[in-house]
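In what follows, every chain begins at residue 1, and chains take the letters A, B, ... in the order their sequences are listed.
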Amino acid sequence: MSAADRKAPSDFIRDIVREDLRANKNDGRVVTRFPPEPNGYLHIGHAKSICINFGIALENKAGVCHLRFDDTNPSKESTEYTESIESDVRWLGFDWGSHLYYASDYFGKLYQYAVELIEDGKAYVCSLTTDEIREYRGTLTEPGKDSPYRTRSIEENLDLFERMRKGEFKAGSHVLRAKIDMASPNLNMRDPVFYRIKHESHHRTGDKWCIYPMYDFAHCLSDSIEGITHSICTLEFEDNRALYDWILDQLKVNCHPQQIEFARLNLSHTVLSKRKLLELVEGGYASGWDDPRMPTISGFLRRGYTPEAIRNFCERIGVAKSNSVVDIALLEHCIRQDLNLRAPRVMAVLRPLRVVIDNYPEGKVEQLDAENNPEDPSMGRRKIPFSRVVYIEQDDFREDPPEKFFRLTPGREVRLKHAYYVKCERVVKDKGTGQVAEVHCRYDPETRGGWSQDGRKVRGTLHWVSATHALEAEVRLYDHLFTKRDPYDVEEGFDFKANINPNSLEKLISCLVEPTLAGARPGTRYQFLRQGYFCVDSVDSRDGAPVFNRIVSLRDSWAKIERAQKKSPLGQPKP
RNA sequence: UGGGGCGUGGUGAAGCGGUAACACAGCGGACUUUGGAUCCGCCACUCGGAGGUUCGAAUCCUCCCGCCCCAGCCA
């Protein structure tokens, strides 16, 4: 609705799907899946995968996308995570219908498949220690060597595997391994481990199992069981594809999905790895997974991003196989584009400067008419109170204005948005600090609404709030989590945390917002005129004490001019 | 001197033998009761490099260079 409809996305994966459909490869079916491990919160990298998998399903008449939890490692997983993942995927706007699955649902079947492999002499119980297995694996350039247990008889393997399942052995004493090729140049094929012993409760199967399948064994078979046609994953699994195919070939299953890999998303000025994000949370650098600065789905939600903007972003970054880093400016562009059309405009003064309009009658109040969104007249109009004392932004007044500054300055006339032209007559300074404490103006009663009768123009239009009517609010300004485009670009001996932006959060506690914001519901988004888009924080807001999160600032060409002036001495104000 | 991938403008990305889309960023300008939005222009004689095939190559071939992934009983 917000963003104009674009042509359907096209990329190499969709090309494959289209070609398979044309060749009737899967009887016209298109079944994809989004398979997160419930060991953390989803971030925008997952959103890319979600948009690809659910997107492809949605684009095809017979398309379906499953949500499957890849919960094969009980030590790291919990229902807290499955719940957050479900809610995040839903928030993004996708629906898996009845297709919610868990790899743990297949533990019984998977066990049977493993037995089948043993019976065929294609898997064996290995009793080497972890260290020994590593040593026997060889290196990138040297072949591995066979485990001494590789020649155990089928009967012994069957017996041992069953006893592993029954809990007769302690963790680490045995594993089930595929019998493939210890000299394979692909390390994944050097007799990979399929099952390990873990005497740990699983968040869904409890203590029913004490052996758990590894990713490589569980994933391809879960895909096969579910009738997945296209198993789309990220690039680091390219080498695992040979194993994926090997397992399905050995077991002669009737569904053999095609694994296709794409490059994972990297975003500038942030990190996108569950481990690193966890580190930020645990180290107190972020207040939680839903800290508005976090690149998590829950972080974006709390910050005020819309699902539409995130989906649009995921569509615009494309799908390819080269490692790349998308500039976070594109994400910011997407949310601005969306909110420009949908967010009602209001006035809020973040750093107030008192302005007294000397010729405006004391005690008089006018209700002025204001449009809610110039982009969309259907959003209506509202009344805002105006009185003798108003507050404007400190930045909107300069006693000694630099070049190209056309806001308020002594002797200059500007417009108060929707109100009147005012002209600065004098300033009152704080005796102690010498700072401007108050600005005195005269208004022109003939300019009500902000239009002059005589056609004279002003360069500046300022937002303001009426002193006696404004509401106090806390506003939180966010900046990038990291100062560098690449957080990993650090000096020898430091890690990514050395690049954390110390100013990524600025809390302003005495902001003044127009009274129409009284009772603003958590999660509501506004454009604070001339400043940016803001969202009522859903965690810290209280009745009568709203907290606003800045989602993203407006583009600020004055800031650019100012920056350029600082760089070039020629642009300095004239004495 | 193991294997698997990838190299197109600042960034992402099309292109699939016929003479470099699009988007973000940036830079100009118009317009403007948001220095917002909108509009209009500019921004790769060249596709990691070198050879070769061809009337014609980012696209095909050869060699070279660079970057990423793999040595978890993680996923």
Side-chain atoms of A:Arg345 come closest, of B:U11, B:G36, B:G5, to B:G36
If the cut-off is 4.0 Å, is A:Arg190 near the phosphate of B:C70, judged by side-chain N/O to OP1 or OP2?
no
Looking at A:Lys404, I want to see if its NZ is surrounded by more than 12 non-hydrogen atoms of other residues, nucleotides or ligands under 6.0 Å.
no
Same-atom distance (C1') from B:U32 to B:G66, integer angstrom:
49 Å
For A:Pro74, run the side-chain contact (heavy atoms from CB on, under 4.5 Å) check against A:Arg204, A:His199, A:His202, A:His203 and tell me which one passes.
A:His202
note: A:Asp181, atom CG; B:G3, atom C1'; distance rounded to Å ~ 12 Å
Please report whether the ring centroid of A:Phe406 lies less than 6.0 Å from that of A:Trp558.
no
Below 4.0 Å: OP1/OP2 of B:C74 and any side-chain N or O of A:Thr72
no
Counting side-chain heavy atoms from CB outward, which of B:U34, B:A75, B:G5 is closest to A:Glu236?
B:A75
Could you give the distance separating B:G18 and B:A57 at their P atoms, to the nearest angstrom?
12 Å
Looking only at side-chain atoms of A:Glu37, point me to the closest of B:G35, B:C74, B:U11.
B:C74
Using a cut-off of 4.0 Å on non-hydrogen atoms, how would the nucleic acid contact of A:Gln527 be classed: base, sugar-phosphate, or nothing?
base
Short side-chain N/O contact to B:A75 OP1/OP2 from A:Arg196, under 4.0 Å
yes
Answer yes or no: are there more than 12 heavy-atom neighbours, outside A:Arg448 itself, under 6.0 Å from its atom CZ?
yes
To the side chain of A:Arg555, which of B:C24, B:G36, B:G4 is closest?
B:G36
Checking B:A37, B:A75, B:C27 against the side chain of A:Glu375 (C-beta onward), the nearest is B:A37
With a cut-off of less than 4.0 Å, is there a side-chain N or O of A:His463 near OP1 or OP2 of B:U34?
no
Atom of A:Asp223, atom of A:Pro257 and distance for their closest heavy-atom approach
CB-CG, 3.7 Å
Measure from the side chain of A:Ile561, starting at C-beta and using heavy atoms only, and say which of B:G35, B:U11, B:A71 lies closest.
B:G35
Ignoring backbone atoms, test whether A:Arg316 places a side-chain nitrogen or oxygen under 4.0 Å from the OP1 or OP2 oxygen of B:C22.
no
Salt bridge flag under 4.0 Å for residues A:Asp105 and A:Arg68
no
Rounded distance in Å between the P positions of B:G51 and B:U59
14 Å
Can you tell me if CZ on A:Arg459 sees more than 12 non-hydrogen neighbours from other groups inside 6.0 Å?
no
How many whole angstroms separate atom NZ of A:Lys560 from atom P of B:G29?
13 Å
From C-beta outward on A:Thr141, which listed nucleotide comes closest to its side chain: B:G35, B:A23, B:G2?
B:G2
What are the two closest heavy atoms between A:Leu477 and A:Val475, and how far apart are they?
CD2-CG1, 3.8 Å
Quickly work out the A:Leu330 CG to B:C22 C1' distance and round it to whole Å.
12 Å
Looking only at atom P, what distance separates B:A14 and B:C63, rounded to whole Å?
27 Å
Pairs under 3.5 Å (Watson-Crick or G-U), crossing ones as [ ], inter-strand ones as |: RNA chain B comes out as .(((((((.[[[..)..(...]]].(((((.......))))).....[[[[[..)....]]]]])))))).....
When all nucleic acid strands are considered with a 4.0 Å heavy-atom cut-off, which category describes A:Asp239: base, sugar-phosphate, or nothing?
base
Answer with base, sugar-phosphate or nothing: what part of the nucleic acid does A:Tyr212 contact at a heavy-atom distance below 4.0 Å?
nothing
Distance, rounded to the nearest Å, where A:Arg563 contributes CZ and B:G35 contributes P
16 Å
Touch class at under 4.0 angstrom, heavy-atom based, for A:Val319 against every strand present:
sugar-phosphate
Quick check on B:U38: is either OP1 or OP2 less than 4.0 Å from any side-chain nitrogen or oxygen of A:Arg336?
no
By the 4.0 Å heavy-atom rule, please label A:Pro374 as base, sugar-phosphate, or nothing.
base
Checking ring pair (Phe, Tyr, Trp, His ring centres under 6.0 Å) between A:Phe69 and each of A:Tyr81, A:Tyr106, A:Tyr102, which is the one that passes?
A:Tyr102
Tell me: OH of A:Tyr215 to C1' of B:C70, nearest whole Å?
13 Å
Base, sugar-phosphate or nothing for A:Ser10? Non-hydrogen atoms, less than 4.0 Å.
nothing
CZ/A:Phe397 to CZ/A:Phe405 distance, rounded to the nearest 0.5 angstrom?
8.0 Å
Syn or anti conformation of B:G72, syn meaning chi within 90° of 0
syn
Do any side-chain nitrogens or oxygens of A:Lys457 fall under 4.0 Å of OP1 or OP2 in B:U32?
no
Rounded to whole Å, the CZ-P distance (A:Arg177 to B:G72) equals 12 Å
Base, sugar-phosphate alone, or nothing: which one does A:His418 contact when heavy atoms must sit under 4.0 Å apart?
base
Counting the atoms with a prime plus P, OP1 and OP2 as sugar-phosphate, which does A:Thr461 contact under 4.0 Å by heavy atoms, base, sugar-phosphate, or nothing?
sugar-phosphate
How many whole angstroms separate atom CG of A:Asn323 from atom C1' of B:U8?
16 Å
Winner on side-chain proximity to A:Asp70, out of B:A71, B:A37, B:A75, is B:A75
Sugar-phosphate only, base, or nothing, as touched by A:Phe405 at under 4.0 Å among non-hydrogen atoms
base
Sticking with atom P, work out how far B:G26 lies from B:A21, rounded to a whole angstrom.
22 Å
Side-chain contact check for A:Leu187: nearest option of B:G5, B:A71, B:C27 is B:A71
Taking every heavy atom of A:Arg152 against every heavy atom of A:Val125, the minimum-distance pair comes out as NH2-O, 3.0 Å
Checking all strands, does A:Ser324 fall into the base, sugar-phosphate, or nothing category for heavy-atom contacts under 4.0 angstrom?
sugar-phosphate
Pick the closest RNA chain B nucleotide for A:Ser557 and for A:Phe12 by heavy atoms, then say which residue is nearer the 5' end.
A:Phe12
Remember a base hit wins even if backbone is also touched, and classify A:Val193 as base, sugar-phosphate or nothing at under 4.0 Å, heavy atoms.
sugar-phosphate
In whole Å, what is the span from the CZ atom of A:Arg459 to the P atom of B:U34?
12 Å
A:Arg530 side chain to A:Thr461 backbone, donor-acceptor under 3.5 Å
yes
With sugar-phosphate meaning primed atoms plus P, OP1 and OP2, does A:Ile317 contact a base, only sugar-phosphate, or nothing at under 4.0 Å between heavy atoms?
sugar-phosphate
Position toward the 5' end of RNA chain B (nearest nucleotide), A:Asp11 or A:Asn340
A:Asp11
Categorize A:Phe237 for me: base, sugar-phosphate, or nothing, with a 4.0 angstrom heavy-atom threshold over every strand shown.
base
Nearest to the A:Leu140 side chain among B:A71, B:G35, B:C74, which nucleotide is it?
B:A71
Which is true for A:Lys404 with a 4.0 Å heavy-atom rule: it touches a base, it touches only sugar-phosphate, or it touches nothing?
base
